[in-house]
Participant: 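Just passing along the structure, written as structure tokens.
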Amino acid sequence: MKVLKDILYKVAIEAVKGSTDIAINSIDFDSRKVSLNDVFVAIRGTLSDGHDFIEKAINQGVIAIICEEFPEKIINGVTYIKVKNTNQALAFMASNFYDNPSSKIKLVGITGTNGKTTVASLLYQLFKKAGYKVGLLSTVKILVDEYEYKATHTTPDSLSINHYLNEMISEGCEFCFMEVSSHGIHQKRTEGLYFKGGVFTNLSHDHLDYHNSFAEYRDVKKAFFDDLPKDAFALTNVDDKNGNIMFQNTKARKLTYALKSYADYKAQILESQLTGLLLKINDNEVWVKLIGNFNAYNMLAIYGVATELGIDKMEALKLLSELESVAGRFQFIISKSKITAIVDYAHTPDALENVLQTISEIRTKNEQLITVVGCGGDRDKTKRPVMANIASTLSDKAIFTSDNPRSEIPEVIIDDMEKGVEPQNYKKTVSIVDRKQAIKTACIMANENDIILIAGKGHENYQEINGVRHDFDDLKVVNDILNQLNK
């Protein structure tokens with residue numbers, strides 16, 4: 001049992017009704033999960049307001065309420081604590097409840113529009129290969145050394161983060177690599193965490209359905225670096241025009257990486273093939289199994305973090321050469337008739353353009369490049385025509401289809417995409433709502449040596465339609481279809 005006053009350390013309290021010198025069992029922000037002697041934190045969400053469930057939580061036995069405004073009905077024997085921001089309060093309380101696990105592990109956060117999953121996942125892979133016990137908090141999976149949990153968000157809620165970090169400490173993990181999303185930063189999920197380092201990958205068009213402007217989106221990312229402590233490092237991509245902005249108010253030690261600019265960690269691409277890249281990193285050559293300019297940046301970030309965390313430079317290069325691609329990130333199969341099918345998570349304009357340009361650099365131009373792409377429902381609508389324009393411009397044929405329509409009508413999403421196609425590219429495009437049928441059409445269109453790119457969902461093994469998740473794995477679907485067609 002914990003004492004309430006002890007887990008309120010660092011919480012900005014505005015008013016208290018009742019005693020804080022009480023034993024509490026647990027903390028939660030979900031009124032369905034609280035029970036006797038728990039603390040209920042009332043969070044204002046996008047779909048519901050936790051303040052509406054205070055009475056329900058009390059009926060289930062909670063002993064304390066954390067809220068932004070006191071309810072009209074005050075129950076004797078229940079402690080009410082008013083705070084300015086319950087998200088922030090929850091983050092500090094979660095950290096205190098688990099005895100501040102982030103201070104007992106070397107925690108590195110990776111933020112940016114693209115590359116977070118690859119950098120975090122491959123850092124986990126590299127440190128495992130180096131013989132360490134490691135944790136991972138990513139979009140694809142959560143790993144406590146070798147035990148895997150299912151991931152539901154890019155950045156989990158603050159209670160979950162601290163729970164997993166505490167599990168990592170119990171398992172003897174020395175390092176943890178964590179994706180840090182703009183939503184997670186804005187919703188204070190990373191407050192109260194002690195980071196040993198932070199990495200900025202890049203910034204491009206995304207999440208403008210959530211953030212009011214690109215400037216706000218950028219500044220939320222910057223806030224992560226503003227909060228890094230003096231003994232942490234901040235490693236940023238200075239080829240991105242926003243790289244140096246991340247440094248402006250940070251107290252952390254500033255480090256840079258780049259392909260084009262002067263930087264602490266510099267790389268040059270010597271060879272680029274479908275099987276990998278030959279890189280020259282700080283005067284040493286290394287062959288890596290990942291491909292494309294964007295992965296050269298990812299490799300640099302990984303190398304920089306590894307050396308900053310104490311791995312010998314030559315050992316780090318050796319381990320880089322052993323790393324395997326992350327699920328859904330430029331995964332490819334080659335069929336019997338030499339059709340190459342590539343599955344990639346590219347769901348932003350910048351990511352899609354990077355993948356298509358990478359394919360263009362390694363193809364002979366004697367083959368067709370067919371792109372199957374959709375855009376998610378209930379998300380940033382402004383990127384839909386942009387992505388359609390990129391796909392239709394950089395591909396020989398582009399098939400617009402459903403991604404995760406969620407609560408939107410798929411045809412409406414595709415209509416939004418079609419508005420971005422320039423007149424000279426009309427004949428190169430076709431729209432097929434059913435994703436499986438769209439992939440099958442691409443396979444039928446493809447001839448020997450052609451390339452099919454299936455973009456947008458990557459590692460996801462489901463398709464969300466009207467709130468229901470249906471089994472759907474792009475890589476499995478395209479592989480099955482090509483085998484059925486005997487191609």
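Computed over heavy atoms, backbone and side chain alike; hydrogens, waters and symmetry mates excluded.
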Participant: At what distance, to the nearest 0.5 angstrom, does NZ of K196 lie from OG of S103?
Facilitator: 12.0 Å
Participant: Indicate yes or no: does K436 engage D434 in a salt bridge with an N to O separation below 4.0 Å.
Facilitator: no
Participant: Show the nearest heavy-atom pair for residues I465 and P405, with the distance to one decimal.
Facilitator: CG1-CD, 3.9 Å
Participant: With sequence neighbours left out, write down each residue that passes salt bridge (charged side-chain N to carboxylate O under 4.0 Å, His left out) with D21, or none if nothing qualifies.
Facilitator: K5
Participant: How about H51 and F53: are their ring centres within less than 6.0 Å of each other?
Facilitator: no
Participant: Taking only residues two or more places apart in sequence or in another chain, which ones pass salt bridge (charged side-chain N to carboxylate O under 4.0 Å, His left out) with R44?
Facilitator: D49, E68, E69
Participant: So for atom NZ, which belongs to K141, do other residues, nucleotides or ligands contribute more than 12 heavy atoms lying within a distance under 6.0 Å?
Facilitator: no
Participant: Is the positively charged end of R469 above the ring of Y462, judged by distance under 6.0 angstrom from the centroid and angle within 45° of the axis?
Facilitator: yes
Participant: Does atom CD of E167 have more than 12 heavy-atom neighbours from other groups under 6.0 Å away?
Facilitator: yes
Participant: Please determine whether a side-chain nitrogen of the Lys or Arg among K476 and D480 lies less than 4.0 Å from a carboxylate oxygen of the Asp or Glu.
Facilitator: yes
Participant: Do the side chains of V355 and F294 get nearer than 4.5 Å, heavy atoms only?
Facilitator: yes
Participant: Is any NZ, NE, NH1 or NH2 atom of the basic residue among K254 and D264 found under 4.0 Å from an Asp or Glu carboxylate oxygen of the other?
Facilitator: no
Participant: Provide the closest heavy-atom pair for G458 versus D474 in the form atom of the first, atom of the second, distance.
Facilitator: N-OD2, 4.3 Å
Participant: So, E146 and K133, do they make that salt bridge, N to O below 4.0 Å?
Facilitator: no
Participant: Is the Y303 to Y265 ring centre distance short of 6.0 Å?
Facilitator: yes
Participant: Scan V140, T139, T111 and name whichever one has a side-chain contact (heavy atoms from CB on, under 4.5 Å) with E179.
Facilitator: T139
Participant: Crowded around K251 NZ? As in, over 12 foreign heavy atoms under 6.0 Å?
Facilitator: yes
Participant: Search all heavy atoms of I66 against all heavy atoms of T86 and return the closest pair with its distance.
Facilitator: O-CG2, 3.9 Å
Participant: With a 6.0 Å cut-off (strictly less than), is the heavy-atom count around NZ of K84, excluding the residue itself, greater than 12?
Facilitator: no
Participant: Please check if atom CD1 in I409 has more than 12 non-hydrogen atoms from other residues, nucleotides or ligands closer than 6.0 Å.
Facilitator: no
Participant: Between I185 and A223, which heavy-atom pair has the shortest distance, and what is it?
Facilitator: CG2-CB, 4.3 Å
Participant: State plainly whether the residues D416 and R384 are in salt-bridge range, i.e. N to O under 4.0 Å.
Facilitator: yes
Participant: In Å, rounded to the nearest 0.5 Å, how long is the span from OH of Y164 to CD1 of I142?
Facilitator: 4.0 Å
Participant: Would you say K128 has more than 12 foreign heavy atoms packed within less than 6.0 Å of its NZ?
Facilitator: yes
Participant: Within 45° of the six-membered ring axis of F177 and under 6.0 Å from that ring's centre, is NZ or CZ of K116 located there?
Facilitator: no
Participant: For residues 225-241, pull every pair meeting side-chain hydrogen bond (donor to acceptor under 3.5 Å, both in side chains), keeping only residues two or more places apart or in separate chains.
Facilitator: Y194-D231, K222-D226, D239-S261, D239-Y297, D240-N242
Participant: Just wondering, do I58 and Q60 contact through their side chains at under 4.5 Å, heavy atoms?
Facilitator: no
Participant: What is the ring orientation for F175 with Y132, classed by angle as parallel under 30°, tilted 30 to 60°, or perpendicular over 60°?
Facilitator: perpendicular
Participant: side-chain contact (heavy atoms from CB on, under 4.5 Å) with R329: which of N298, L290, T117, L122?
Facilitator: T117
Participant: Should the pair K221 and F200 be classed as cation-pi, given the thresholds of under 6.0 Å to the six-membered ring centre and 45° from the axis?
Facilitator: no
Participant: Determine whether more than 12 heavy atoms belonging to other residues, nucleotides or ligands lie under 6.0 Å from atom NZ of K10.
Facilitator: no
